[in-house]
Amino acid sequence: MKKIVFICLAQLFVMCSTTNFQVRDDFKSVSSQEKNTFLKQKKATSTTKSIVILTNGFKGEKITAKQNNKTVYSAYPITNLKTKYADSFSFTNTENLIIHDSFSKKELLLESKKVSAYKFIYIMKIITDNGASYKFTLSNTLRPLE
């Protein structure tokens with residue numbers, strides 16, 4: 001019985017993994033006016049809001065994001081190969097966010113204690129023969145999306 005509980009817990013930690021975080025603010029940014037317009041469009045002007053920006057590697061599979069069992073995002077984003085931008089959404093950065101990718105069957109955990117200091121969380125999907133992995137870039141810089 002203890003083995004079963006241990007295996008279930010281990011699988012949960014593997015499925016809800018936070019992987020490959022990096023912090024960067026050294027890339028080309030948009031003007032402050034464009035940034036403010038984008039934040040207003042996404043309803044993320046408050047310090048308790050951050051924005052997830054899905055970048056490279058998304059090919060139309062269903063992506064769902066939940067906080068406290070409430071869906072905050074559900075769509076089928078497709079990456080624009082020219083701009084490397086698929087989609088974006090805001091969320092409350094004082095609570096954990098779980099992102100589910102229907103293609104890889106993985107759940108990604110964005111812990112509030114790690115992301116609350118950053119306005120933008122860029123997520124890049126890397127597809128390999130073994131499935132998919134993800135690269136997270138935390139930043140306070142909004143790069144050009146179009």
Under a 4.5 Å cut-off applied to non-hydrogen side-chain atoms, are [X] and [Y] in contact?
| X | Y | result |
| --- | --- | --- |
| Ile51 | Ile121 | no |
| Ile99 | Tyr134 | no |
| Lys59 | Ile127 | yes |
| Phe21 | Thr137 | no |
| Thr92 | Gln67 | yes |
| Lys62 | Ser74 | yes |
| Lys43 | Lys49 | no |
| Arg143 | Tyr122 | yes |

Show the numbers, then the answer: is there a side-chain contact (heavy atoms from CB on, under 4.5 Å) between Val115 and Leu138? CA-CA 7 Å; Val115 302; Leu138 307 175; 3.8 Å; yes
I need the [X] [atom1] to [Y] [atom2] distance, nearest 0.5 Å.
| X | Y | atom1 | atom2 | result |
| --- | --- | --- | --- | --- |
| Leu39 | Leu142 | CG | CG | 7.0 Å |
| Phe91 | Asn96 | CZ | CG | 9.5 Å |
| Lys66 | Glu95 | NZ | CD | 15.0 Å |
| Leu110 | Ile123 | CG | CD1 | 5.5 Å |
| Lys84 | Ile53 | NZ | CD1 | 16.0 Å |
| Lys114 | Leu109 | NZ | CG | 8.0 Å |

Decide whether Phe103 and Leu108 are clustered together by the hydrophobic rule: side chain heavy atoms of Ile, Leu, Val, Met, Phe, Trp, Tyr closer than 4.5 Å, transitively. no
Are Val23 and Phe136 connected, step by step, through hydrophobic side chains (Ile, Leu, Val, Met, Phe, Trp, Tyr) whose heavy atoms are closer than 4.5 Å?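 Yes; tracing contacts between hydrophobic side chains, which count when under 4.5 Å, links both residues.
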Whether Lys105 side chain and Ser102 backbone form a donor-acceptor pair below 3.5 Å: yes
Does any N or O in the side chain of Lys106 come within less than 3.5 Å of the main-chain N or O of Ala132, such that one atom is a donor and the other an acceptor? yes
Hey, what's the ring geometry for Phe89 with Tyr73, parallel, tilted or perpendicular (30° and 60° as the breaks)?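 Parallel.
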Under the side chain to side chain donor-acceptor pair (under 3.5 Å) test against Lys42, which residue among Ser50, Ser90, Ser88 passes?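 Answer after filtering Ser50, Ser90, Ser88: Ser88.
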Which one of Thr79, Asp101, Asn56, Thr55 satisfies the side chain to side chain donor-acceptor pair (under 3.5 Å) criterion with Lys125?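 It is Asp101, the one option of Thr79, Asp101, Asn56, Thr55 that forms the side chain to side chain donor-acceptor pair (under 3.5 Å) with Lys125.
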Shortest non-hydrogen pair, Ile63 vs Leu54, comes out as CG2-CD1, 4.5 Å
Contacts of Thr141 meeting side-chain hydrogen bond (donor to acceptor under 3.5 Å, both in side chains) (sequence neighbours excluded), chain-then-number -> Asp25
